[in-house]
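One structure is given below, encoded as structure tokens.
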Amino acid sequence: MTKQKVLNIGIDLGTSRSVIACDNGVRTFIPSYVGFPKDTVSRKFFGKDILFGDEALKNKPALELHRPFDKGVLKFSDDPEKTVKDYKFTVNCAKQLLTHLVSLATNGEPGEYSLRGVVGTPALASRKNKQTMMDICEGVLDYVLVASEPFCVAYGLNLLGSALIIDIGAGTVDMCRMHGTVPAEDDQITLTKGGDHIDGIFFDLVKSKYPEANFTTNMLKKFKEENATITGKGEELFITLPINGKPTELNVTEEIKAACRTIVPDLVEGIGKLISTYDPEFQDDLKQNVILAGGGSQMIGLRKEIEDHMRKHLGYGRVSRVEEPVYAGANGALLLCRDMPEEYWTELRPAATATQKVAAMAAVKG
Ligand SMILES: Nc1ncnc2c1ncn2[C@@H]1O[C@H](COP(=O)(O)OP(=O)(O)OP(=O)(O)O)[C@@H](O)[C@H]1O
Ligand SMILES: [Mg+2]
């Protein structure tokens with residue numbers, strides 16, 4: 001490595017949140033949104049050409065807002081040859097997001113460091129998606145290594161023996177069976193019903209119960225993050241939404257529970273599959289050690305629901321939740337950064353200067 005100071009960065013570019021954890025103690029996350037001012041007036045108002053995360057969300061009406069990831073992978077990455085312009089634009093949105101996170105980590109001086117990043121991807125990201133991650137990191141990092149997200153979580157918790165990691169994100173639920181080696185393809189399952197799916201169902205249920213109410217998916221998502229539960233008992237849950245402009249309290253107790261429950265059947269089926277196809281001598285060890293991570297793991301009652309299901313169908317199950325659902329993936333990616341020998345890293349083209357990056361972005365935007 002040519003530059004003197006090496007900065008290791010654990011990176012979790014998520015559908016909903018992008019998170020970094022770095023060697024120098026910087027840990028932070030932002031919602032995965034990139035916004036461009038809609039016109040000359042808004043550009044003058046913001047005094048800049050690009051906004052990120054919460055700042056972008058708060059100024060939505062004046063921005064062209066983009067969320068580059070969907071279902072855990074970059075949009076348009078399934079068939080980049082067919083959608084060249086959209087793909088390139090979305091790669092650049094993600095690149096800008098990563099550049100922003102890296103500048104937070106390096107205090108705006110990324111050129112001082114040799115930047116090494118381990119980037120988490122959904123468990124079963126295809127070869128193409130791994131290449132997409134490389135495309136995103138090109139020009140931002142100097143060295144990169146792509147690893148599966150639940151593997152990063154397991155590595156960060158030092159759960160390398162028998163354990164079943166379930167990372168419940170916005171776009172995907174990633175499941176991975178650990179058994180002391182790097183997990184193979186048949187150790188992993190990726191489901192595409194995650195938090196975004198819950199938000200969509202919740203939206204439809206509230207719309208059909210209160211057709212006169214005005215709301216966006218984002219408003220419901222915020223409510224979900226404060227109230228998500230799947231337990232049968234508990235208090236009634238009310239959301240305040242405008243009806244003809246007047247804030248009105250609406251009972252959504254059944255709707256939020258029903259929406260949250262929709263991810264459970266596939267999830268428990270996945271657990272059954274990963275356990276029943278494992279070496280029978282060690283199945284009990286896996287059942288003992290089911291670990292929930294990701295934002296969705298915070299749903300009240302989920303842990304018990306999975307344990308009840310496992311008891312009924314698999315005889316036994318012990319489920320726990322990671323302490324830091326937001327940072328678990330990035331923390332593990334950072335540990336991998338520190339531990340992986342040089343031969344595992346891919347060297348990228350040297351990081352571009354900030355001016356080159358802005359010029360590239362402008363060219364793609366047209
Ligand atoms: N308390 C909560 N209860 C239920 N869901 C929550 C809670 N907090 C956050 N979420 C949901 O968790 C999801 C975000 O989790 P996370 O940050 O792990 O996802 P991500 O990494 O962005 O997505 P992916 O891994 O699929 O790319 C969102 O759908 C969010 O609404
Ligand atoms: Mg994630």
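For Glu307 and Arg318, the salt-bridge test fails: no basic side-chain N is under 4.0 Å from an acidic carboxylate O. Taking a cutoff of 4.0 Å between a charged side-chain nitrogen and a carboxylate oxygen, Lys304 and Asp308 qualify as a salt bridge. Under the 4.0 Å criterion applied to side-chain N and carboxylate O atoms, Arg116 and Asp142 are not assigned as salt-bridge partners. Electrostatic pairing of Lys207 and Asp204 does not count as a salt bridge here, judged by no charged N lying under 4.0 Å from a carboxylate O. Contact check on Lys273 versus Asp186 returns no salt bridge, with no Lys/Arg side-chain nitrogen under 4.0 Å from an Asp/Glu carboxylate oxygen.
For Tyr327, there are no ring-ring contact (aromatic ring centres under 6.0 Å, His included) partners at least two apart in sequence or on another chain. Asn289 pairs by the side-chain hydrogen bond (donor to acceptor under 3.5 Å, both in side chains) definition with nothing, not counting sequence neighbours. Residues satisfying the ring-ring contact (aromatic ring centres under 6.0 Å, His included) test with His197, not counting sequence neighbours, are none. In this view, Thr106 satisfies the side-chain hydrogen bond (donor to acceptor under 3.5 Å, both in side chains) rule with no residue, not counting sequence neighbours.
Counting only heavy atoms from C-beta outward, the side chains of Asp174 and Ser148 never approach each other to under 4.5 Å. At least one side-chain heavy atom of Arg43 sits less than 4.5 Å from a side-chain heavy atom of Asp49. Inter-residue side-chain proximity for Leu115 and Tyr143 is flagged as unmet; no heavy-atom pair is nearer than 4.5 Å. A 4.5 Å side-chain heavy-atom check between Tyr87 and Glu81 finds every atom pair outside the cut-off. Using a 4.5 Å cut-off on side-chain heavy atoms (C-beta onward), Asn158 and Leu160 make contact. A 4.5 Å side-chain heavy-atom check between Leu286 and Leu274 finds every atom pair outside the cut-off.
Remark: Lys209 NZ is packed, more than 12 non-hydrogen atoms of other residues, nucleotides or ligands lying under 6.0 Å away. The 12-atom threshold is not exceeded at CZ of Phe45, counting heavy atoms of other residues, nucleotides or ligands nearer than 6.0 Å. Within a 6.0 Å radius of CG in Asp39, more than 12 heavy atoms belonging to other residues, nucleotides or ligands are found. By the neighbour-count criterion of 12 heavy atoms within 6.0 Å, atom CZ of Phe238 is densely surrounded, having more than that number from other residues, nucleotides or ligands.
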Where do Asp70 and Lys75 land on the salt bridge (charged side-chain N to carboxylate O under 4.0 Å, His left out) test, with the steps shown first? CA-CA 6 Å; Asp70 188 34; Lys75 283 181 190 161; 5.9 Å; no

Please report the C-alpha distance between Thr121 and Glu149 in whole Å, then the side-chain angles of each, then the deciding distance to 0.1 Å, and finally whether the side-chain hydrogen bond (donor to acceptor under 3.5 Å, both in side chains) criterion is met. CA-CA 5 Å; Thr121 60; Glu149 273 170 21; over 6 Å; no

Apply side-chain hydrogen bond (donor to acceptor under 3.5 Å, both in side chains) to residues Tyr155 and Asp339 and explain how you reach the verdict. CA-CA 10 Å; Tyr155 201 84; Asp339 291 352; 2.6 Å; yes

Checking salt bridge (charged side-chain N to carboxylate O under 4.0 Å, His left out) for the pair Lys130/Asp135: CA distance, chi angles, key distance, verdict? CA-CA 9 Å; Lys130 282 194 180 158; Asp135 290 348; over 6 Å; no

Run the salt bridge (charged side-chain N to carboxylate O under 4.0 Å, His left out) test on Lys224 and Asp199 for me, step by step, so that the C-alpha distance in whole Å, both residues' side-chain angles and the decisive distance to 0.1 Å come before the verdict. CA-CA 8 Å; Lys224 176 198 74 175; Asp199 298 341; 2.9 Å; yes

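Taking hydrophobic clusters as Ile, Leu, Val, Met, Phe, Trp and Tyr residues chained together by side-chain heavy-atom distances below 4.5 Å, Ile300 does not share a cluster with Leu292.
In plain terms, the two heavy atoms of Val144 and Leu141 that are nearest each other are CG2-CD1, 4.3 Å. The two residues Ala330 and Val19 come nearest to each other via the heavy atoms CB-CG1, 3.8 Å.
The residue from Asp167, Ile166, Ile165 that alone fulfils the side-chain contact (heavy atoms from CB on, under 4.5 Å) condition with Met175 is Ile166.
Listed by first and then second residue, the side-chain hydrogen bond (donor to acceptor under 3.5 Å, both in side chains) pairs involving residues 210-222 are Ser16-Lys221 (not counting sequence neighbours). Sorted by first and then second residue, the side-chain hydrogen bond (donor to acceptor under 3.5 Å, both in side chains) pairs with a member in residues 20-29 read Asn8-Asp23, Asp23-Arg338, Arg27-Glu324, Arg27-Asn331; sequence neighbours excluded.
No hydrogens or angles considered: a donor-acceptor pair under 3.5 Å links the side chains of Thr277 and Arg177. Between the side chains of Thr172 and Thr192, no donor-acceptor pair is found at a separation under 3.5 Å.
One distance of note links SG of Cys22 with CD1 of Ile9; it measures 5.0 Å at 0.5 Å rounding. If you take OG1 on Thr240 and CD1 on Ile243, they are separated by 10.5 Å, rounding to the nearest 0.5 Å.
Ring planes of His66 and Phe89: perpendicular class, angle over 60° (limits at 30 and 60°).
A cation-pi arrangement, defined by a distance under 6.0 Å to the six-membered ring centre and an angle within 45 degrees of its axis, is present between Lys5 and Tyr113.
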